[in-house]
Each structure stands twice: as C-alpha cells, then as structure tokens.
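Throughout, a chain's letter reflects where its sequence line sits, starting with A, and its residues are numbered from 1. Because only heavy atoms are used, hydrogens play no part in the values below, and waters and symmetry mates are left out as well, while side chains stay in.
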Number of protein chains: 2
Amino acid sequence: MPRRNQTNEKRRELLPIVARAFAERGYRRTTTAELAERCGVQENILYRLWPDKKAMFIAAIGYVYDLSVAIWSRLLKEEEDEKTAAERLLAYEAEHLGEFGHSRIVFAGLSETDDPDIQAALADMYQRYQRFVREQIAAHQARRHKTTTPDAALAAWAVVGLGTVASISRELGLLSDRQRRRLMAEIGRLLLEGSAA
Amino acid sequence: MPRRNQTNEKRRELLPIVARAFAERGYRRTTTAELAERCGVQENILYRLWPDKKAMFIAAIGYVYDLSVAIWSRLLKEEEDEKTAAERLLAYEAEHLGEFGHSRIVFAGLSETDDPDIQAALADMYQRYQRFVREQIAAHQARRHKTTTPDAALAAWAVVGLGTVASISRELGLLSDRQRRRLMAEIGRLLLEGSAA
DNA sequence: TTCATCAGTAAGCGTACGCTTACATTATGA
DNA sequence: TCATAATGTAAGCGTACGCTTACTGATGAA
C-alpha cells in the first residue's frame, strides 16, 4: 500500500507563506514561481494542493480572516471588567492594525471583483467580519445602556470603514502612528457610544 | 513647417477612456492593447502621450480626483440655506457614491503601493480628499456650533472611511441601496454632529 | 520484498503582455 | 510649394507567466 496522503497538512503548512506573498505583492504580481520559491518547493507541488492560482488566493483570503478571528477571540476571553469587549477590540486594533497585511489582501481582491469566486470569497469575509464587530457593539451598548446609541449594524460597518481607512493611512504614510491611534480611539468611541468624548 | 502639436488635447480626450478601463479591470489586468482598442488608436500612440503604462495609471488617479472635486464644487455652489455644505455633500455621496468607479481605481492602486510613484500619487489624492472634507466639516460645525463635536480632521478621515466601506459594500453587494443610504446618512450625521440622531 | 501511490525535480509549452521599430501619410507655416 | 514634424498603421521582439509533462526517488502496508 502507498504512503499516507499529507495534502491537508502541507496546505496548512504553506498557506501562511502563500498569504504573506499575496499580501506583500498583490494578486497579479505574485507569480506562481515566486510562491513556489517562498515555499521552498516546485510549482507543480502547489498545483497539487490547489487547482489554480486563484484557488490559492481565495484560500489566502480565508486564512487572514481565520487569523484575525483567532486573535480577537483570544483577546475577548481575557476577562477585564473595566472595559467592554468592544473597547478592548478597538484598543487592540489601534495598536496592531494591519500587522499581518489583512487589508492588503483585501485590496488585491477588490481589484478582481469581476471574478465571481473572488467576489464571493470577499463578500463572505466581510459579512462575517461585520457580524463579529456588530455582536461586540451590541453587547457593549447593552451593558452601557445609553439612551441614544447608533444602530449596532450601522456602527459595525462604520467601524469596518474606520479600520480600512486606518489601514490605508498606514499603507500610504498619511498619519503618524499617534494620530492613527487617536483616530481609532476617538471615532471608535463615538461609534460605540453615540456621543463625542 | 510641421503641423501643430496636439498632444495635450489628445491626452485630455483619451484620459477619461483610460481611467474607465483601469476602473473596470484594475491595473494589472488592463493591457495596453485594450487601452489602445478602447481609445480607437494604436498602442504606440498612447506611448507618445505617456512614457509608460504606469504613467497612464497615475494620470487616471489624478483624473478621477479632479472629476470628484469638479462635481462637489458645483454642488457646493448651489446655495441652499437649510442644509450645510457638509450635509449636502453627504447626501449626494449617499446617492451617487462610486458612480464613476473612483474607488476601484484606488483599490487597484493600493495593490501597487510598493511602487513609490503610485504610492505618492495615491497619498497626494487622499490628502487633498481629506482636506476638502475636513473644510466642509469645520464649516458645518462652526455654523451649528454644538458644544462637543468631534475633531474635524479625525471626522474627515472617518467620513473617508465611511465612503470607502460604502463603496466596498456596493462592489460586493453587501448592503441594499436603501441600507447603504441609511449608513451614509446616520453615521455621517453622527460624525458631523457628535451625537446620534 | 513488492508495488502502488505519494513526494519531489527539472524542463518546457503556449500565450499574453509591455513596449519598440519601421515605415507611410498628413497637415502646416515659411 | 515643400521641407518638416506630427500623426497613423502594422508588425514583431523579448520576456514573463500560468500551468503541464515527464521523470526519479521515497514510503509503507501487504
């Protein structure tokens, strides 16, 4: 009998490397040759793990989402009574925003949205992302029960937008780290509470 | 003597077509052959107008910015005493957001930010964009002089982020037109006023 | 040991792309 | 008119890319 199939293990091993390559160079400029070289394998090995380059990219989208959720979930488990989960999330993102290159992969994908598979993968990611944020905001508002807070769903989209513009500003060097943190903190608070600081 | 040089006129004539192509297909996937075909000329004619494909793209970035500013400026000149300029701007964007594909060009560019020329062009565009919005917000706040409004510079970045996420949601079909308008209206108001509706 | 299957290497195929070259035609001011 | 530079057409050059093929060596249950 033959040896046992290790395709899944290999996929898990190489996916972070693949994702980082796409994050650094975008979708089109990342060549399959470069992916193979970074992974330390020949190209056809990648093609045994995924049917084509597009599938590698879609897998990378899933990976960065899973990575974010894993980090956030760990963060939310650390009980801290002073701050709500939403506040801790915002504070964390203000500090570590875009550390992996999450948004670079998203931007790369957003240039390929006429491909239905890529569009679907991105849409799915955004839905989950927003839902996660919305739940934290709703929980925060319930705990603080202010009189007039923004609709949690809308506020969640706005927080996603806030993170996006913060990523862009980091990418383009538009704001200093300090200003970016202030942006996340003050506007984040406004979106959570429904009133300025 | 030779005929007179019409390079500038030709550039102005073709630039909207070039920009639309980049908006629809992204930077990498737009081939110079396709650009030429859409423009109804041969490729080398484009290369007489711009040194290379990258220059065509950077020109397209400038074009979509100029176009937005032209539209907004016209909008702001129409005097309307009920609403401030900032409110009209938000209302307009809620309705016509991304009509030309402004954000698609930006996303395409954001996948190419390791090229210093493209990065500089995008950074310049964002700076001007944010400054424009900030001025409108500051004017709005001065007119309404509420007690606690968000810092205009931060609010302007947040509005940029709000527009970005609204564009993304439109691109990916995440929100209905109605929901998207509500997002722009309610969160926009929150960012301007510093308090929920 | 056998042998079917998996893992890895090396090379290359077909195509598409950015950009250039070579050349013909046209318009214009001296 | 006519020299001259602008404008237009057609073809192709070199390279890079996505993906495949052909092959060799390793693995491990029967």
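Without hydrogens or angle criteria, B:K53 side chain to B:Y27 main chain gives a donor-acceptor distance under 3.5 Å. In this structure, A:E87 contributes its side chain and A:T84 its backbone to a donor-acceptor pair below 3.5 Å. A donor-acceptor pair under 3.5 Å is formed between the side chain of B:R88 and the backbone N or O of B:E78. Not one N or O on the side chain of A:R29 forms a donor-acceptor pair closer than 3.5 Å with the backbone of B:R28.
Separating the CD atom of B:E43 from the C1' atom of D:dC13 is a distance of 13 Å, rounded to the nearest angstrom. Atom CG of A:L46 is separated from atom P of C:dA7 by 14 Å (rounded to the nearest Å). At whole-Å resolution of the value, OH in A:Y47 and P in D:dT20 are 7 Å apart. As a whole-Å value, the separation of B:R11 CZ from D:dT7 P is 11 Å. Between the P atom of C:dC17 and the CZ atom of B:R28 lies a distance of 13 Å, rounded to the nearest Å. For the pair A:W50 CH2 and D:dG18 P, the computed distance is 15 Å after rounding to whole Å. Atom NZ in B:K10 sits about 13 Å away from atom P in C:dA27, given to the nearest Å. Between the CG atom of B:N44 and the P atom of D:dA11 there is a distance of 13 Å, rounded to whole Å.
The listed nucleotides are D:dG18, C:dC17, D:dT9; the one nearest the side chain of B:I45 is D:dT9. Closest contact between the side chain of B:T31 and the listed nucleotides C:dC17, D:dT7, C:dC19 involves C:dC17. Side-chain proximity of B:K53 to the nucleotides D:dC19, C:dA7, C:dG18 is greatest for C:dG18.
You'll find a donor-acceptor pair under 3.5 Å spanning the side chain of B:R48 and the base of D:dG8, going by distance alone.
A:D52 comes within 4.0 angstrom of sugar-phosphate atoms only, judged by non-hydrogen atoms across all strands, and of no base. Base contact: A:T32 has a heavy atom under 4.0 Å from a base atom.
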